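Owing to the predicted nature of the structure, the values given are computational and were not obtained by experimental measurement.
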Amino acid sequence: MSGDLPLNINIKEARWDQGTFMGRAQHFFMVTDPRNVLLSSKVLEDARVTVENYRLGIVKPGLTEDQLWRAKYIYDSAFHPDTGEKMLLVGRMSAQVPMNMTITGCMLTFYRTTPAVVFWQWVNQSFNAIVNYTNRSGDAAITMNQLGAAYVSATTGAVVTALGLKSLTKHLPAIMGRFVPFAAVAAANCINIPFMRQRELKCGIPVTDAEGKRLGESSKAAQQAIVQVVVSRIGMAVPAMAIPPVIMNALEKKAFMKRFPVLNAPVQALFVCYTPLVFATPLCCALFPQKSSMNVSSLEPELQESIRQSNPSITTVYFNKGL
């Protein structure tokens, strides 16, 4: 070893206790930090080298524990946990706040006409499709045909859902129309995420023991992972999409908003949506552990049998649920 830093720091796991909500929240505040989007390729590459070298027992001279953890969180924010590939910039969780701030502000502003609803729902679901693909669980390859079919199914289903909900609010009070974007996003998440991760449902995702040894692939684990991600994503949308309609409905009656209607979208994006998203993104990611678990008895019968034959003492398996 070249350096004074010990090699027994477990950077495969988070720095904080992932068995508690507060520990997971601290972890995801680091991973989803919007400032990570601004990091250069050189900084990302340096973090990758630092992390991978440390795992091999190579310590850069002068490296401190805080610097190691900083490199680990830069690495986690930009590289896929299963494949190790650098993730698409807009698909990273650190891009959630700036991207969703812009898209949500526009969806909440331009909701009155059908073309506007279709366009912004398509933009939002296209963005979500990228995020869902980028943060999928597992390391199995997906073909361009499979990806294209999943994208078309997900975005079409989401846009149709939005239009259906908009038509239902025509004879309701005006403020109800403001909630169409949130209802559409909530419903669309139930469509988009399973479609974009349908390969996991068909082929399963890797499950491991407590030490990370791969035991097989499970579709049951994939189902649990996707349900948890759907719940988290809907939770993220609540502060930014369910609360702003009430605030903006009051603000638009004020004289300065009537005088400068062009301020509607910027106000929604910067002031009404940004603050909730900064907190909602990491806190909702923290609702469930990233390294999720389930009992062996809940797996497919054939996988249960395989595990019991090779590792009879194992009662719980673990998997990356995705984000």
Side-chain angles (χ1 to χ4, degrees), residues 7-32 51 54-55 69 72-73 75-77 79-85 93 132 134-142 189-190 193-194 196-236 282-323:
L7 290 173
N8 60 354
I9 300 172
N10 186 10
I11 59 170
K12 289 183 179 179
E13 304 294 337
R15 189 172 192 176
W16 296 277
D17 180 9
Q18 296 300 282
T20 68
F21 176 77
M22 286 306 298
R24 295 195 296 273
Q26 287 177 291
H27 168 73
F28 282 111
F29 266 108
M30 294 291 289
V31 173
T32 65
V51 168
Y54 184 83
R55 290 172 178 170
W69 281 112
K72 180 254 193 314
Y73 276 102
Y75 177 86
D76 284 353
S77 74
F79 295 88
H80 193 277
D82 292 327
T83 66
E85 297 174 351
M93 294 310 290
N132 295 335
T134 302
N135 294 280
R136 67 197 184 281
S137 176
D139 52 9
I142 182 171
N189 271 320
C190 299
I193 295 172
M196 291 305 296
R197 295 177 60 174
Q198 60 183 281
R199 194 182 189 287
E200 298 172 35
L201 295 171
K202 293 177 182 177
C203 305
I205 58 176
V207 295
T208 69
D209 62 16
E211 283 70 47
K213 179 184 176 184
R214 193 161 177 163
L215 302 172
E217 286 74 36
S218 170
S219 294
K220 296 280 189 181
Q223 291 171 17
Q224 179 174 308
I226 289 172
V227 167
Q228 291 178 346
V229 171
V230 168
V231 171
S232 295
R233 293 289 187 82
I234 292 174
M236 288 181 203
L283 292 178
C284 289
C285 283
L287 290 175
F288 305 98
Q290 179 70 36
K291 185 180 179 181
S292 198
S293 64
M294 68 189 308
N295 293 329
V296 170
S297 58
S298 300
L299 299 172
E300 294 84 344
E302 60 274 17
L303 183 54
Q304 289 184 43
E305 185 62 27
S306 172
I307 292 173
R308 284 170 181 155
Q309 286 184 359
S310 58
N311 301 276
S313 62
I314 294 178
T315 58
T316 304
V317 294
Y318 302 88
F319 53 91
N320 170 33
K321 71 174 175 63
L323 287 173

Look only at the side chain of Asn320 and the backbone of Gly322, and say whether a donor-acceptor pair between them is shorter than 3.5 Å.
-> yes

Atom pair CG/CD1 of Asp209 and Ile314 - distance to nearest 0.5 Å = 4.5 Å

Report the distance from atom CG of Leu299 to atom CZ of Arg308, rounding to the nearest 0.5 Å.
-> 9.0 Å

Calculate, to the nearest 0.5 Å, the distance between atoms CD and CD belonging to Glu300 and Glu305 respectively.
-> 13.5 Å

Output yes when a side-chain donor or acceptor of Ser310 lies under 3.5 Å from a complementary backbone atom of Ser306, and no otherwise.
-> yes

Minimal heavy-atom distance between Arg197 and Lys321, with the atoms involved, is NH2-O, 2.8 Å

Heavy-atom closest contact (Phe319 atom, Pro206 atom, distance) | CB-O, 3.4 Å

Heavy-atom nearest pair, Leu283 first then Ala25, reads CD2-CB, 3.9 Å

Roughly how far, to the nearest 0.5 Å, is OH of Tyr318 from OG1 of Thr208?
-> 8.5 Å

Using a cut-off of 6.0 Å, state whether more than 12 heavy atoms not belonging to Lys72 lie near its atom NZ.
-> yes

Does the ring center of Trp16 lie less than 6.0 Å from the ring center of Tyr73?
-> yes

Ser232 (side chain) donor-acceptor with Cys284 (main chain) under 3.5 angstrom | yes

Just how far is it from atom CZ of Arg233 to atom CD1 of Ile193, taken to the nearest 0.5 Å?
-> 4.5 Å

Answer yes or no: is there a donor N or O on one side and an acceptor on the other, between the side chain of Asp17 and the main chain of Gly19, under 3.5 Å?
-> yes

Where is the tightest heavy-atom contact between Ser219 and Leu201, given as atom of each residue plus distance?
-> OG-O, 3.0 Å

Separation between CD1 of Ile205 and CD of Glu200, rounded to the nearest 0.5 Å = 6.0 Å

Close side-chain approach of Phe21 to Leu287, heavy-atom, < 4.5 Å = yes

Closest heavy-atom pair and its distance - Met236, Met93 | CE-CE, 3.9 Å

Test log, rule side-chain contact (heavy atoms from CB on, under 4.5 Å), inputs Val317 and Met294 | CA-CA 6 Å; Val317 294; Met294 68 189 308; 3.9 Å; yes

Just wondering, do His27 and Cys285 contact through their side chains at under 4.5 Å, heavy atoms?
-> no

Quick check: does any side chain N or O of Tyr54 sit under 3.5 Å from a backbone N or O of Ile9, one acting as donor and the other as acceptor?
-> yes

Quick one: are Ile234 and Cys190 in side-chain contact, heavy atoms under 4.5 Å?
-> yes

With Trp69, which residues qualify under ring-ring contact (aromatic ring centres under 6.0 Å, His included), at least two apart?
-> none

Looking just at side-chain N and O atoms, do Gln228 and Ser292 make a donor-acceptor pair shorter than 3.5 Å?
-> yes

Please tell me if the side chains of Met30 and Arg15 come closer than 4.5 Å, counting only heavy atoms from C-beta onward.
-> no

What's the verdict on side-chain contact (heavy atoms from CB on, under 4.5 Å) for Leu303 and Val207, showing C-alpha distance, side-chain angles and the deciding distance?
-> CA-CA 10 Å; Leu303 183 54; Val207 295; 4.1 Å; yes

